[in-house]
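Here, residue 1 is the first one in the sequence, and each next residue gets the next number. No experiment lies behind these values; they were computed from the predicted model shown.
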Amino acid sequence: MASSAIETDGQEILDLEKNRQAEMSQWVLNAPEPPSLWRELMDSARETVLPRGKRFPYLKDKDGLSKTVISVLQAMFPIFSWCRHYNATKLRNDLLAGLTLASLCIPQSIGYATLAKLDPQYGLYTSVIPPLIYAVMGTSRDIAIGPVAVVSLLMSSMVPKLEDPEANPIAYRNLVLTTTFFAGIFQAAFGLFRLGFLVDFLSHAAIVGFVSGAAIVIGLQQMKGLLGIAHFTNKTDVISVMQAIWRSVHQYWNPHNFILGCSFLSFIKLTRFVGKRNRKLFWLPATAPLISVVLSTLLVYLTRADKHGEATAVGRSFASIKGYHINGNQEMVAFGFMNILGSFTSCYVATGSFSRSAVNFSAGCETAMSNIVMAITVIISLELFTRLLYFTPIAVLSAIILSALPGLVDPHEAYYIWKVDKLDFLVCIGAFFGVLFASVEIGLLAAVIISFVKIIIFSIRPGTEELGRLPGTDIFCDVNQYPMAVKNSKALIIRVKSGLLCFANANFVKEKIMKWATEEEENDSQGKRTVQVVILDMSNLMNIDMSGIASLLELQNNLASGGMELAITNPKWQVIHKLRLANFVTKMGGRVFLTVGEAVDACLGAKMAAV
């Protein structure tokens, strides 16, 4: 009697466990339908027009229409958000930061304009209109807007292929402004349609390699101004530039230019050294380029050195730290509109400068008002001192550009990339050598191609891993990563390391699983292991297409012919929805479970009961 009662209780426990497992399986199978493609597109469009999460408690007494209008205005023009809390203290800090920023911006803008093969005033124009527009539309408090070295190099390397800047400077200038206009169109479109993710195809490693290579090319090109070379190559690859320098040094170069440029380059580097040693003197390295321009211009003007062959410029014509959020898409919109409008006011492509942004941050800026102060200072300089720019030596502008380049070459970051990810390092050196020995566009193209190849390889040949249970737990992990994990002698548990099972990788995954199952079957014939069920953990799988479903069906049939069953666990929303529509769940006998542990208990428990 007692033994029969125990057997009855045990059977009741087993029945309860089976019912619980069946109920949990139904949770997976009876999930509601996921959002349709049309619904996802509409939600994306709605999010684009009016981002969620905007709250305006100060407008509680207004009607719904007013709230919507103000919400849209503040989303498009962030200045309406921060100006409400602006005060005299912030103005004082922004005023100091803006003046410090202008002292660095003016000489750099002149130098970068000459790098772009434009007259210097166009660099100053680019430091006026775009910063004003960004101050109204941008979300960063610290970024400093204006011309930068790499963009200037892109201009000087690509546009001259269509128009010679020396033979027809007006047509060249117009083409640069047209390029700026279309660059702004693309930037604004990327931001408005939330396409900023496309920029992510240019990975961090690619940017490190590209910028480092560009910095070296820019530095070599400054030898033209530093040595006073009259005729120089338009090519940007290092071999062509070195050949041009070698030929010029053996024919004609100006020692006065070289001495003047090296003297002010040494002065700028010295002030940076002093500024790093004493943080209170942060303003010294920021103002050193302006001091260099002023002193060298006065020197040339007073000594009339321009009459003795010395080359002159026009004559030859940080969010996480401060705890605020930067809206990437809004930034793209701001950059786009400032370049679109800038192209109509003689500005070439402007963007955020890392070196000037660091100065802006160090100077204690509070808001984007520092950009407005900088722009106003540049306007005053344009009105008062434009004529004196005639006497600004190109050698000093070259020295200013050279002084800014060491920060762009980052060997420590390249070594870090090599240490962490060898394939990423391949992208890095592809961009670096492409820029250095071919051209800027070839370097970018090489980086993007290598990145795409990397993505394609990972997509079409995803890894698979066999899982085992960690002792004393219900956690199943990769047996190679966790050697203490215990394999189940009757169940082969596999997880696919891919987010998508599709036409590109479905056959590869199926063959990999079948190879594993065949090896286990051979082990079974040798008495080593008896696999009865193959459990496929789908926790990584976010979506599946018809090729993926067909491969699963073929896998199910192949396993069944070998006397094994197929079970799946933890399928995501879109995956289980498509498997139900394809009637795959019914064909495989409904062996769909929430966790791997439940799948093991259910499948092996049922076989034990059948025995």
Side-chain angles (χ1 to χ4, degrees), residues 150-151 153-154 157-158 183 186-187 189-190 193-217 236-239 328 332 408-465 478 480-481 494-516 538 540-548 550-551 574-575:
V150 174
V151 173
L153 174 65
L154 279 169
S157 65
M158 300 180 73
F186 280 111
Q187 286 176 313
F190 281 6
F193 296 104
R194 299 297 192 266
L195 298 177
F197 68 90
L198 293 175
V199 182
D200 293 337
F201 283 111
L202 202 61
S203 65
H204 171 69
I207 293 172
V208 170
F210 170 76
V211 171
S212 298
I216 293 175
V217 170
T236 59
D237 63 283
V238 66
I239 295 176
M332 293 289 282
L408 299 178
V409 181
D410 196 346
H412 297 291
E413 185 65 20
Y415 173 72
Y416 177 73
I417 293 171
W418 160 260
K419 186 170 66 173
V420 174
D421 191 326
K422 301 299 187 291
L423 283 177
D424 253 6
F425 182 74
L426 184 62
V427 175
C428 179
I429 62 172
F432 178 77
F433 287 119
V435 171
L436 210 57
F437 293 103
S439 63
V440 173
E441 55 269 35
I442 292 297
L444 287 173
L445 184 62
V448 171
I449 289 176
I450 296 173
S451 299
F452 267 110
V453 170
K454 175 184 172 183
I455 294 171
I456 291 171
I457 290 175
F458 286 152
S459 298
I460 65 176
R461 298 183 67 86
T464 53
E465 54 192 21
D478 181 8
N480 293 320
Q481 183 179 359
I494 297 175
R495 179 163 59 207
V496 180
K497 296 188 288 186
S498 175
L500 178 65
L501 188 62
C502 63
F503 67 93
N505 60 18
N507 191 62
F508 175 81
V509 171
K510 181 200 68 178
E511 295 296 334
K512 195 78 177 286
I513 295 174
M514 280 305 305
K515 181 180 178 181
W516 232 323
M538 291 188 166
N540 289 339
L541 204 62
M542 304 306 298
N543 213 328
I544 190 171
D545 68 1
M546 291 304 300
S547 298
S551 69
Q574 290 285 355
V575 175

Heavy atoms of F432 and G213 approach each other most closely as CD1-N, 3.4 Å
Separation between SG (C502) and CD1 (I544), nearest 0.5 Å, reads 9.5 Å
Any non-hydrogen side-chain atom of L500 less than 4.5 Å from a side-chain atom of S459? no
In this structure, CD1 of I513 is separated from OG of S551 (nearest 0.5 Å) by 8.0 Å
Value for CG (L501) from CG (L541), rounded to nearest 0.5 Å, stands at 5.5 Å
Rounded to the nearest 0.5 angstrom, the OG-CD1 distance for S203 and I455 is 8.5 Å
In short, W516 meets I494 closest at the heavy-atom pair CE3-CD1, 3.8 Å
In short, A205 meets I417 closest at the heavy-atom pair CA-CD1, 3.8 Å
For L408 and V211, the nearest pair of non-hydrogen atoms, with its separation, is O-CG1, 3.6 Å
Heavy-atom nearest pair, I450 first then G430, reads CD1-CA, 4.0 Å
Heavy-atom side-chain proximity of N505 to S498 below 4.5 angstrom | yes
Hits for side chain to side chain donor-acceptor pair (under 3.5 Å) against E465, two or more places apart or cross-chain, chain-then-number order -> R495
In short, side chain to side chain donor-acceptor pair (under 3.5 Å) pairs touching residues 414-440 with sequence neighbours left out are D424-K454
Of all heavy-atom pairs linking S157 and V440, the shortest is OG-CG2, 3.8 Å
To the nearest 0.5 Å, atom CG of N507 lies from atom NZ of K512 at 13.0 Å
CD1 (I442) and CD1 (I449) are apart, to the nearest 0.5 Å, by 8.0 Å
Is a side-chain donor or acceptor of S212 paired with a backbone partner of G209 at a separation under 3.5 angstrom? no
Side chain to side chain donor-acceptor pair (under 3.5 Å) filter on Q574, not counting sequence neighbours, yields none
Practice problem: Tell me, yes or no, whether the heavy-atom count around K497 atom NZ, taken from other residues, nucleotides or ligands under 6.0 Å, exceeds 12. | Solution: yes
Check your understanding: Hey, mind stepping through F508 and I460 against side chain to side chain contact (heavy atoms under 4.5 Å, CB included) and telling me if it holds?
Key -> CA-CA 7 Å; F508 175 81; I460 65 176; over 6 Å; no
